[in-house]
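Let me begin by presenting the structure, written as structure tokens, before commenting on it.
Read the numbers this way: they start at 1 and go in the same order the structure lists the ligands and their atoms.
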Amino acid sequence: KKHKFWETQPVGQFKDLGDNSLPEGSIEDPTPLSEVKQEPYKLPNLYEWTTCDIDSEEMCTEVYNLLTNNYVEDDENMFRFNYSKEFLRWALRPPGYFRSWHIGVRVISSKKLVAFITGVPSRIRVRNDVVIMAEINFLCVHKKLRSKRLAPVMIKEVTRRVHLENIWQAAYTAGVVLPTPISTCQYWHRSLNPKKLIDVGFSRLGARMTMSRTIKLYRLPESTVTPGFRKMELHDVPAVTRLLRDYLSQFVVAPDLDENDVEHWLLPKENVVNSYLVESPETHVITDFCSFYTLPSTILGNQNYSSLKAAYSYYNVSTKTPLLQLMNDALIVAKRNDYDVFNALDVMQNESFLKELKFGPGDGKLHYYLYNYRIRSALRPSELGLVLL
Ligand SMILES: COc1cccc(CC(=N)NC(=O)c2cccnc2OC2CCNCC2)c1
């Protein structure tokens, strides 16, 4: 049976596809809090639950090491995501976070951390419906414990702890097809350091292309071209919030960000998130915004390099500067900061710049999911205004 676990969950089921009689929105009503299971789910013998206090240097290091050695790899197992500790602290402590949603599994005897899953609260709008959801991420089971069916019990446990906070919906992404994607996105890569990317096998030399021709093809100017392009600062939070809220209102699914959210998620943080805006030199009005987050990957089995420095397109808003020019400035800044590659999904209006800015399609897809919330039919990536970490 393919989706033994997911067929028991309140998610869109493949068998319901095309059944337009099913209403859009919550699939199951909330359970009275007194009826939510009070005790943790039972783990296989020898394992115990642990709550990971990401503020603790020691626990943060344990989580970092587990993910560094056991988290998501590309389809050819040449790269593995290598989230940094400061990135994890940022990703897991947004306004209103619950430490109880940072869940680990330890071996009782050795106390070794062997699995992890997290949730953070997030206000997400679906059409005109603003729903408080849990954004689920970092599901990781040690390589040596795969197919012990740990993932389903970890998903049930994080769901139980989310329910205890009276939250009944969730959002998550995966590289695999599960019941049932609300949207399936293509990822794209823009080479910034083509020589290294070819050396490590991330990219291949194009047909009838030499290395020097390839380096020239991806060359970028030293400085950005948009007048008034600068880093975002704390005092810009109100204006950036207004700009983002207006821009994101056009998408079917998008975060419902307030100033606290914008301050947390979009203020620049070294080695974690970069954000820039365009302040008109004449009027001092903030007209555009672009941002990317830093997610390196470990390079598995290359003599010359061990890490790939990758930027991931985050939220971008263009109201005056053409999006093409704004994103080219983002590429210029990323190259200047020694990123090897700039990644983007074909969400929002990204399709309008990908090919022209010399992005190439990646070899995989990223599927978006909602838990306990039905969307009548799958969304086009351009209808998605949500980027998960
Ligand atoms: C280059 O190193 C990699 C290491 C592991 C996996 C992949 C391929 C991959 N699965 N990429 C993505 O999922 C991806 C590609 C472009 C933009 N965002 C992405 O994923 C984000 C969002 C979901 N959580 C992981 C990071 C690449």
Side-chain angles (χ1 to χ4, degrees), residues 66-84 87-88 90-92 116-120 122 124 134-140 143 170-178 181-194 196-204 253 255 265 272-274 290-302 305-316 327 330-331 334 339-348 350-351 353-354 357 359-370 381 384-389:
L66 174 73
L67 295 176
T68 297
N69 297 310
N70 301 280
Y71 199 47
V72 178
E73 296 173 7
D74 69 303
D75 289 349
E76 292 168 53
N77 306 102
M78 296 172 68
F79 309 99
R80 188 182 305 129
F81 286 141
N82 186 216
Y83 289 88
S84 69
F87 189 108
L88 292 168
W90 170 68
L92 298 178
F116 188 59
I117 188 167
T118 68
V120 293
S122 170
I124 292 178
E135 278 178 15
I136 304 302
N137 208 340
F138 304 113
L139 169 57
C140 178
K143 282 172 178 274
Y172 50 104
T173 59
V176 290
V177 178
L178 304 167
I182 62 160
S183 189
T184 293
C185 305
Q186 168 77 48
Y187 37 85
W188 293 71
H189 314 290
R190 206 285 185 184
S191 297
L192 299 174
N193 183 348
K196 175 174 177 180
L197 294 180
I198 290 165
D199 186 334
V200 304
F202 183 89
S203 316
R204 283 184 299 282
V253 175
W265 291 120
V272 170
V273 59
N274 290 45
C290 63
S291 60
F292 55 85
Y293 62 81
T294 299
L295 170 50
S297 277
T298 304
I299 301 170
L300 307 169
N302 181 276
Y305 300 99
S306 61
S307 184
L308 186 72
K309 187 174 181 184
Y312 285 72
S313 180
Y314 201 27
Y315 290 100
N316 308 301
M327 293 310 294
L331 293 176
Y339 287 84
D340 298 316
V341 64
F342 192 103
N343 296 322
L345 295 166
D346 56 355
V347 297
M348 294 182 271
N350 291 356
E351 249 183 296
F353 62 76
L354 290 167
L357 292 185
F359 283 76
D363 58 6
K365 301 217 182 245
L366 191 67
H367 307 278
Y368 277 71
Y369 300 94
L370 292 179
L384 255 189
L386 179 65
V387 176
L388 299 187
L389 302 173

- line: The single option from Leu67, Val272, Thr118 that satisfies side-chain contact (heavy atoms from CB on, under 4.5 Å) with Leu88 is Leu67

Which residues share a side-chain contact (heavy atoms from CB on, under 4.5 Å) with Glu351, sequence neighbours left out: Asp346

- prompt: From Trp265 CH2 over to Leu389 CG, what is the distance, rounded to the nearest 0.5 angstrom?
  reply: 5.5 Å

- prompt: Under the salt bridge (charged side-chain N to carboxylate O under 4.0 Å, His left out) test, which residues partner Glu76, sequence neighbours left out?
  reply: none

query: Relative to each other, are the rings of Phe138 and Tyr71 parallel, tilted or perpendicular (30° and 60° limits)?
result: tilted

field: Results of ring pair (Phe, Tyr, Trp, His ring centres under 6.0 Å) for Tyr172 - residues two or more places apart only
entry: Trp6, Tyr369

List, for ligand 1, each N/O atom that has a protein N/O partner under 3.5 Å away, with both atom names and the distance.
{"from": "ligand 1", "atom 1": "2 (O)", "to": "Ser297", "atom 2": "OG", "distance (Å)": "2.8"}
{"from": "ligand 1", "atom 1": "24 (N)", "to": "Leu389", "atom 2": "O", "distance (Å)": "3.1"}

